[in-house]
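Working notes, structure below.
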Amino acid sequence: VVFVLDPGNNLFATFGIVNYYSDMLKIMPRMIIVGIVSNDREKDYLPTPSSDQPTGGGAYKFLKFISDELVSFVESSYPASSDRCIIGHSAGGLFAIYALINRPEIFNNYICIDPSLWYDNQSMIKEIPCLFKNNKSLTKSLFISMSNEKDMGIDPFLEIREKTAPNQFNCDFIHFK
């Protein structure tokens, strides 16, 4: 199951990619794709409020909704496996990293497009060493892409990952210039 944050921007691209690789090339299994709409991206995606985003801080509740209600609904209503992926862009990418750090059992795969790792003085980056220290057998896949953005906080994240990630943690990064 692929859970897509901000489906208005990302859902059709996800449909096209999944269809091409699963139905046309047959190198990927068919998947259920679930778009998750947020009425307040800052509140739902950002783990903490800040002076720039005072409504932030609802990531815990949003992740709880996804794990306790949405995943259960999808898996009880459709022929879904427990192999799950989350796709997020910008604040949605930050939320995906938040999910990895705080509830790594929910998703197996994470796709973060231009994740806002700079947010809140890079607070999510500072939690990564603890994630790896406490999960020495973490077998997850993380793909991060960055467009022509600067200072997104990705470089410090990649440095920490290089130094502290367990060997079975798969992380790929592409910078599109």
Check: Lys163 side chain, Ile160 main-chain N or O, donor-acceptor pair, under 3.5 Å: no
Minimum-distance pair of heavy atoms, taken over all atoms of Gly92 and Leu5: O-CD1, 3.4 Å
Closest approach of Ala59 and Pro47, non-hydrogen atoms and distance? CB-CA, 3.6 Å
Hphob cluster co-occupancy, Tyr45 + Ile106, side-chain heavy atoms under 4.5 angstrom: yes
May I ask whether Val37 and Val4 are part of the same hydrophobic cluster, defined by side-chain heavy atoms of I, L, V, M, F, W, Y residues being less than 4.5 angstrom apart, directly or through others? no
Near Asn134 CG, under 6.0 Å, is it more than 12 heavy atoms from other residues, nucleotides or ligands? yes
Full working for side chain to side chain contact (heavy atoms under 4.5 Å, CB included) between Ile97 and Leu142: CA-CA 9 Å; Ile97 297 290; Leu142 170 64; 4.0 Å; yes
Assign the ring pair Phe73 / Tyr78 to parallel, tilted or perpendicular, where the plane angle (0 to 90°) is split at 30° and 60°. perpendicular
Return the CG to CG distance between Leu131 and Asn102, rounded to the nearest 0.5 Å. 9.0 Å
Lys140 vs Leu100, side chain to side chain contact (heavy atoms under 4.5 Å, CB included): CA-CA, chis, key distance, verdict: CA-CA 9 Å; Lys140 303 292 177 184; Leu100 171 65; 4.1 Å; yes
Looking at Tyr21, I'd like to know if its OH atom is crowded, meaning that more than 12 non-hydrogen atoms belonging to other residues, nucleotides or ligands lie closer than 6.0 Å. no
Side chains of Phe143 and Asn109: does their closest heavy-atom pair fall under 4.5 Å? no
The reported gap from NE2 in His89 to SG in Cys112 (rounded to nearest 0.5 angstrom) is 11.0 Å
How close do Ile32 and Ala80 get, heavy atom to heavy atom, and via which atoms? CD1-CB, 3.8 Å
Met28 vs Tyr20 side-chain heavy atoms within contact, under 4.5 Å: no
Of Ile36, Asp6, Val2, the residue whose pairing with Ile87 passes side chain to side chain contact (heavy atoms under 4.5 Å, CB included): Val2
Where do Gly153 and Gln122 come nearest, in terms of heavy atoms and distance? CA-NE2, 3.8 Å
Closer than 3.5 angstrom, by distance alone: can the side chain of Gln168 be matched with the main-chain N or O of Lys136 as a donor-acceptor pair? yes
Could you label the plane-to-plane angle of the Phe107 and Tyr110 rings as parallel, tilted or perpendicular, counting under 30° as parallel and over 60° as perpendicular? perpendicular
Report the C-alpha separation of Thr164 and Lys133 in whole Å, then their side-chain angles, then the decisive distance to 0.1 Å, and conclude whether the side chain to side chain contact (heavy atoms under 4.5 Å, CB included) test is met. CA-CA 8 Å; Thr164 62; Lys133 181 182 177 187; over 6 Å; no
Which heavy atom in Pro115 sits nearest to a heavy atom in Gly93, and how many Å separate them? CB-C, 3.8 Å
Should Ser147 and Asp114 be marked as a side chain to side chain donor-acceptor pair (under 3.5 Å) after you check the CA-CA gap, both sets of side-chain angles, and the distance that decides it? CA-CA 7 Å; Ser147 61; Asp114 292 329; 3.0 Å; yes
Criterion side chain to side chain contact (heavy atoms under 4.5 Å, CB included) on Arg41 and Gln53, from CA distance to verdict: CA-CA 10 Å; Arg41 293 178 81 246; Gln53 301 295 339; over 6 Å; no
Could you check whether any side-chain heavy atom of Phe15 comes within less than 4.5 Å of a side-chain heavy atom of Ile33, counting everything from C-beta outward? yes
Side-chain heavy atoms under 4.5 angstrom apart, residues restricted to Ile, Leu, Val, Met, Phe, Trp, Tyr: same cluster for Leu138 and Leu63? yes
Do the side chains of Tyr119 and Thr48 get nearer than 4.5 Å, heavy atoms only? yes
Would you check if Leu94 and Trp118 make a side-chain contact, meaning some heavy-atom pair closer than 4.5 Å? no
Phe62 CZ to Leu70 CG distance, which is reported to the nearest 0.5 Å: 8.5 Å
Using the rule that two of Ile, Leu, Val, Met, Phe, Trp, Tyr join whenever any of their side-chain heavy atoms come within less than 4.5 Å, decide whether Tyr98 and Met146 are in one cluster. yes
Measure the spacing between CD1 of Ile154 and CD of Glu159 and express it to the nearest 0.5 Å. 12.5 Å
Do the non-hydrogen side-chain atoms of Asn135 and Phe169 ever get within less than 4.5 Å of each other? no
Looking at side-chain heavy atoms only, is the closest gap between Pro166 and Phe132 below 4.5 Å? yes
Correct closest heavy-atom pair for Lys126 and Asn121 would be NZ-O, 2.9 Å
Kindly say whether Lys64 contributes a backbone atom to a donor-acceptor pair with the side chain of Ser67 at under 3.5 angstrom? yes
Close side-chain approach of Ile128 to Phe157, heavy-atom, < 4.5 Å: yes
Please report the interatomic distance CG(Leu117) to CE(Met124), rounded to the nearest 0.5 Å. 9.5 Å
May I ask you to say whether Glu105 pairs ionically with Arg103, meaning some side-chain N is under 4.0 Å from a carboxylate O? yes
When clusters are formed by joining ILVMFWY residues with side-chain heavy atoms under 4.5 Å apart, either directly or through shared neighbours, do Ile86 and Val1 land in the same one? yes
To the nearest 0.5 Å, how far apart are OG1 in Thr55 and CG in Asp44? 9.0 Å
